[in-house]
Undergrad: 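Below is a structure I'd like to ask you about.
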Amino acid sequence: MLADPLPRTFYQRDPITVARDLLGKTLHRRSRQGLTSGTIVEVEAYLAKGDSACHAFRGPTPRNRTMFGPPGHLYVYSIHARYCLNAVTEQAGIASAVLIRAIEPLAGLAVMRARRGRAKPIDYARGPARLCEACDVTRRLDGWDLTRGRRIWIAAGNLDSEAAGTGDSGFGHSGSGNSLACLGFRTGQSPRIGVTSAQHAPLRFFVDGSPYVSGPRRDHSPR
DNA sequence: ACGGGGATCGGCT
DNA sequence: GCCGATCCCCGTA
């Protein structure tokens with residue numbers, strides 16, 4: 001079924017592979033106010049070794065302990081009085097993760113609007129902290145198991161990257177429903193946003209051309 | 001349209 | 001105390 005959570009094995013891979021494969025999948029958050037969902041269009045990988053931008057780089061602390069736990073769990077941290085969410089990857093003891101930076105909203109737009117104030121719909125979940133606000137993801141969800149399909153999980157989506165569409169990942173899904181459905185997409189790649197170390201590492205991946213990707217927009221039309 | 005700067009606060013030194 | 005895997009507002013044009 002479309003909204004079934006991805007299995008643990010999905011996350012049990014290196015963070016770059018998981019990051020690329022997360023594009024086009026759907027993030028679901030069920031809260032008291034209702035379900036909010038969207039297609040993942042932008043992610044960043046944070047590596048367990050040699051990555052000075054990774055929160056785990058200097059070893060475990062109370063904040064980052066979820067990263068050192070099993071894969072498929074949610075790592076939520078706060079920064080600048082906001083929240084960002086990650087999926088933990090690889091295996092317990094290897095602290096890597098994928099930051100989810102943006103989704104294209106699919107469901108729960110009214111709930112998102114209520115949470116995001118006067119932001120335009122294009123900006124509801126365009127950026128990691130905006131995404132967390134739109135979906136009510138806070139530090140309370142840190143450590144939550146993403147494979148159980150409760151409160152928050154990730155499922156197969158409607159999009160296929162050209163690589164995933166060839167069937168090599170095994171976690172893909174075909175369907176319809178959002179603005180990019182059935183078109184496939186190209187994966188863009190760039191350095192990560194906002195990091196002050198390891199700046200040249202091209203570990204950010206995004207759905208090429210999606211207006212829901214953060215950063216400067218190429219499209220200048222009003223939203 | 002674009003860029004600069006300030007708000008904001010938990011986590012770590 | 002300092003700093004950040006951010007965001008938003010308010011200049012200017």
Side-chain angles (χ1 to χ4, degrees), chain A residues 11 14-16 18-20 22-23 27 38 40-69 71 73-90 94-103 105 112-144 146 152 154 188-207 211-223:
Chain A
Y11 303 97
D14 73 90
I16 294 175
V18 175
R20 299 189 70 110
L22 275 174
L23 294 177
L27 175 70
I40 297 170
V41 295
E42 182 186 359
V43 294
E44 286 175 0
Y46 287 86
L47 313 184
K49 291 184 181 174
D51 184 3
S52 55
C54 180
H55 284 175
F57 184 65
R58 297 183 183 272
T61 68
R63 171 174 75 154
N64 66 21
R65 63 180 229 90
T66 298
M67 287 188 77
F68 288 85
H73 287 246
L74 189 70
Y75 169 49
V76 182
Y77 66 90
S78 72
I79 185 169
H80 293 284
R82 292 178 159 85
Y83 297 101
C84 299
L85 84 167
N86 301 247
V88 176
T89 56
E90 295 184 282
I94 299 188
S96 61
V98 175
L99 171 71
I100 301 176
R101 287 193 56 90
I103 63 172
M112 291 186 189
R113 178 171 62 242
R115 291 174 180 153
R116 291 281 295 123
R118 53 198 191 292
K120 289 173 285 195
I122 193 78
D123 292 328
Y124 281 174
R126 192 173 146 270
R130 293 164 171 171
L131 164 56
C132 284
E133 185 173 31
C135 294
D136 189 33
V137 174
T138 69
R139 182 84 188 165
R140 301 192 328 269
L141 287 177
D142 179 58
W144 198 261
L146 287 169
I152 186 166
I154 299 170
Q189 185 172 0
S190 80
R192 295 171 293 189
I193 305 281
V195 297
T196 54
S197 64
Q199 292 183 3
H200 99 133
L203 294 174
R204 171 176 176 252
F205 305 95
F206 54 94
V207 173
Y212 297 93
V213 170
S214 72
R217 289 214 317 270
R218 275 194 58 167
D219 183 350
H220 292 246
S221 60
R223 301 278 170 182

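So that the names make sense, note that chain A is the first sequence line, chain B the second, and so on, each numbered from 1.
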Undergrad: Whole angstroms only, please: what is the CG-C1' distance between A:Asp142 and B:dG10?
TA: 13 Å
Undergrad: Which nucleotide wins on minimum distance to the side chain of A:Arg139, given the candidates B:dG11, C:dG4, C:dC7?
TA: B:dG11
Undergrad: Could you please name the option among B:dG11, C:dC7, B:dC12 that lies closest to any side-chain atom of A:Pro128?
TA: C:dC7
Undergrad: If you check the A:Tyr77 side chain, which of C:dC8, C:dT6, C:dA5 turns out closest?
TA: C:dA5
Undergrad: Whole Å only: how far is the CD1 atom of A:Ile100 from the P atom of C:dA5?
TA: 18 Å
Undergrad: Which of these nucleotides, C:dA5, C:dT6, C:dC9, is closest to any side-chain atom of A:Arg118?
TA: C:dC9
Undergrad: Check the distance between C:dC2's C1' and A:Arg58's CZ and give it to me in whole angstrom.
TA: 14 Å
Undergrad: Flag the pair A:Arg192 and A:Asp51 as a salt bridge only when some basic side-chain nitrogen lies within less than 4.0 angstrom of an acidic carboxylate oxygen.
TA: yes
Undergrad: Ignoring the backbone of A:His80, work out which of B:dC12, C:dG4, C:dC8 is nearest its side chain.
TA: C:dG4
Undergrad: Base, sugar-phosphate alone, or nothing: which one does A:Arg82 contact when heavy atoms must sit under 4.0 Å apart?
TA: base
Undergrad: Side chains of A:Thr61 and A:Arg63 only: does a donor on one sit below 3.5 Å from an acceptor on the other?
TA: no
Undergrad: Could you tell me whether A:Arg116 contacts a base, only the sugar-phosphate backbone, or nothing, with contacts defined as non-hydrogen atoms closer than 4.0 Å?
TA: sugar-phosphate
Undergrad: We want to know whether A:Arg204 and A:Ser190 form a side-chain donor-acceptor pair, criterion being a heavy-atom distance below 3.5 angstrom.
TA: yes
Undergrad: Touch check for A:Ala53, heavy atoms < 4.0 angstrom, all strands: base, sugar-phosphate only, or nothing?
TA: base
Undergrad: What integer distance in Å separates A:Glu42:CD from C:dT6:P?
TA: 10 Å
Undergrad: Could you check which nucleotide pairs with B:dA7 in any of the strands shown, counting Watson-Crick or G-U wobble with both distances under 3.5 Å?
TA: C:dT6
Undergrad: In whole Å, what is the span from the CG atom of A:Asn86 to the P atom of C:dT6?
TA: 11 Å
Undergrad: Give a yes/no answer on whether the side chain of A:Thr196 brings an N or O atom under 4.0 Å of OP1 or OP2 in C:dG4.
TA: yes
Undergrad: How long is the line joining NZ of A:Lys120 and C1' of C:dC8, in whole Å?
TA: 12 Å
Undergrad: CD1 of A:Ile79 versus P of C:dC3: gap in Å, rounded?
TA: 14 Å
Undergrad: Roughly, in whole Å, what's the span from CG in A:Asp123 to P in C:dC9?
TA: 11 Å
Undergrad: Ignoring backbone atoms, test whether A:Arg101 places a side-chain nitrogen or oxygen under 4.0 Å from the OP1 or OP2 oxygen of C:dT6.
TA: yes
Undergrad: Please compare A:Ser197 and A:Ala119 by the position of their nearest nucleotide in DNA chain C and report the one closer to 5'.
TA: A:Ser197
Undergrad: Tell me, please, which residues at least two apart from A:Tyr75 pass side-chain hydrogen bond (donor to acceptor under 3.5 Å, both in side chains).
TA: A:His55
Undergrad: Looking only at side chains, do A:Ser214 and A:Arg101 share a donor and an acceptor under 3.5 Å apart?
TA: yes
Undergrad: Can you tell me which nucleotide in C:dT6, B:dC9, B:dG11 comes closest to the side chain of A:Ala81?
TA: B:dC9
Undergrad: Indicate yes or no: at least one non-hydrogen side-chain atom of A:Ile122 is less than 4.5 angstrom from one of A:Tyr212.
TA: yes
